Amino acid sequence: MKDVRTGTRSQWQRKRVFIRTYGCQMNVYDSDRMADVLRPLGYALSETPEQADLVVLNTCHIRERASEKVYSELGRLRDLKSERRRDGADLTIAVAGCVAQAEGEEIIQRQPAVDIVVGPQAYHRLPELLARVARQSDERRFDGRRRPGAGVLDTDFPVESKFDHLPAPSEADVRAGSAFLSIQEGCDKFCTFCVVPYTRGAEYSRPATAVLREARSLVAAGAAELTLLGQNVNAYHGEAAPSSIGGSTWGLARLIREIAGIDGLARIRYTTSHPRDMDDDLIAAHGDVPQLMPYLHLPVQSGSDRILEAMNRGHGRDHYRRLVDRLRGIRPDLALSSDFIVGFPGESDADFDDTMRLVDEIGFASAYTFKYSRRPGTPGAGLGDQLADGVKAARLAALQSQLGRQQRDFNASKVGAVVPVLFAEAGRKSGQILGKSPWLQSVYVEGSADMIGSIVNVRLLAAYALSLAGEVVTGEGPSRLEVAA
Ligand code: SAH
Ligand code: SF4
Ligand code: F3S
């Protein structure tokens, strides 16, 4: 049987897919799962679009810049496709992720070289979509012209069908001892700046049994660390596992306690959590589940009550401060991280000062900072008093410098400590490897690549803005890293 896309390759030749991932960790997880769906169709992963038969852009719609990047990338892929066609071959282009969900048909109109637009809840149907494209491609070869609107579109909800139909994870889903596990998707909170409720749909929690099954497979496939993912991961309320005592649903804390019982699993993390969903049990879990790492990404967005209200966050600055006090009461070494948006419509100097004061009061170990980006369809886009880019840029710079100082101080506070590091990859300099501390700091040591994927004790020797240098204190004996000034 000939390959319907090129008509020249025989079937035993492997096909290649290149997947480019934009946006958050949920997209990273989804990209891996798309690779899992495509593998049985004969697709191996390709490192570049040039070597691929199928290119998937797994896109992010969160800020304007993120969306626009997709269209410039599609322009380059169109050229690659034209080249291929001149040579009698072809390239299939698929747009997945949140831009696909938000813009759907418009993508094909704006870039007719796109063959497939597939929303985040429809990845399990990729084989079917590819078959449809192949049929169209055959017809085109037959009559020699591209039919208008030839791209195929699938942006159907609901969320649960995706998880029910995705294959079990494999070793390919574990990277250097770490794996992501999506347990929750979607959002019902409707912050006034945010597109996620529109691109990912209503809040949905996977049943506990399905999550536990996947967690066990990932650990069996080599994961020492699991990061539980969700747009609002701590709003998790999945159907309880059978024969469990106490209620028909489990919260995140209950799920974490159960996952902590899996033999061989050393580290559990979760992201992204919402300050409104930190319940007592979850706070307690930070004190009594040793596998739960002492790092919490808990976005506050702003330190101004007025702006928090306009953002529809559902809590004020004092709620956030009290939460942090309780968490630190239970786990004093907890490293906190947050997202911040500066320049939300109507944000005054006084509002921004409130944010700077909150940052001072809390002390963050790391943070992500963004200029407000006006997103079509969100309530924020329609507000008056949109701020000039210059104002946003100045506030962003002030906030970043304050948070940068805090990150350096936090890193410096760990110098001299011996901490377990999970090594993830080769460092930039030869002979170096790079891993993560329990507080998610990047740590470099001199070490061999065979330590990648394992957890090794490291003495921290020097702190920098974004990383620490250390030396291994177990295993093959101490090895000293030359510390540059
Ligand atoms: N569910 C998470 C956040 C998901 S989006 C939460 O509630 O915290 C990731 C981050 O992108 C947000 O925390 C926010 O800081 C940022 N973000 C979202 N929409 C934005 C916009 N319109 N402009 C700028 N930043 C935005
Ligand atoms: Fe977006 Fe708010 Fe939902 Fe987070 S909680 S995903 S910021 S709407
Ligand atoms: Fe972006 Fe969608 Fe994630 S908009 S941040 S990829 S949920």
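Numbering of ligands and ligand atoms starts at 1, following listing order. As the structure is a prediction and not an experimental result, all values here were calculated from the model.
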Do me a favour and list the nearest non-hydrogen protein atom to atom 10 (C) of ligand 1 with residue, atom name and distance? Asp339 OD2, 3.4 Å

Can you tell which of Arg200, Lys189, Arg313, Met311 gets a heavy atom nearest to atom 7 (S) of ligand 2? Arg313

N/O/S of Cys194 less than 2.8 Å from atom 1 (Fe) of ligand 2? yes

Tell me, which protein residue and heavy-atom name are nearest atom 15 (O) of ligand 1, and how many Å apart are they? Gln301 OE1, 2.7 Å

If you count the atoms of ligand 1 from 1 in the order shown, which ones are under 4.0 Å from a heavy atom of Tyr372? 23 (N), 24 (C)

What's the shortest distance from atom 20 (C) of ligand 1 to any protein heavy atom, and which residue and atom give it? Phe193 CD1, 3.7 Å

Cation over ring face, Arg110 and Tyr71, 6.0 Å, 45°: yes

Side chain, backbone, both or neither: which applies to Met26 and ligand 3 if a contact is any heavy-atom pair less than 4.0 Å apart? neither

Considering non-hydrogen atoms of the protein only, which is the closest contact for atom 5 (S) of ligand 1, and what is the distance? Ile62 CD1, 3.5 Å

Can you confirm if the aromatic rings of Phe190 and Tyr198 lie within a centre distance of less than 6.0 Å? yes

What do you reckon, does Gln231 put a non-hydrogen atom under 4.0 Å from ligand 3? yes

Output field: ring centroids Tyr444/Tyr464 closer than 6.0 Å: no

If the cut-off is 2.8 Å, does any N/O/S atom of Cys187 fall short of it from atom 2 (Fe) of ligand 2? no

Thr369-Gln400 side chain donor-acceptor pair, cut-off 3.5 Å: yes

If we number the atoms of ligand 1 from 1 as shown, the ones under 4.0 Å from a heavy atom of Arg375 are 22 (N)

For atom 21 (C) of ligand 1, grab the closest protein heavy atom and report residue, atom and distance to one decimal in Å. Ser373 O, 3.7 Å

Can you figure out which of Arg63, Gln231, Lys371, Met311 has its heavy atom closest to atom 11 (O) of ligand 1? Arg63

So which of Ala66, Cys98, Cys60 gets nearest to atom 2 (Fe) of ligand 3, if we judge by its closest heavy atom? Cys98

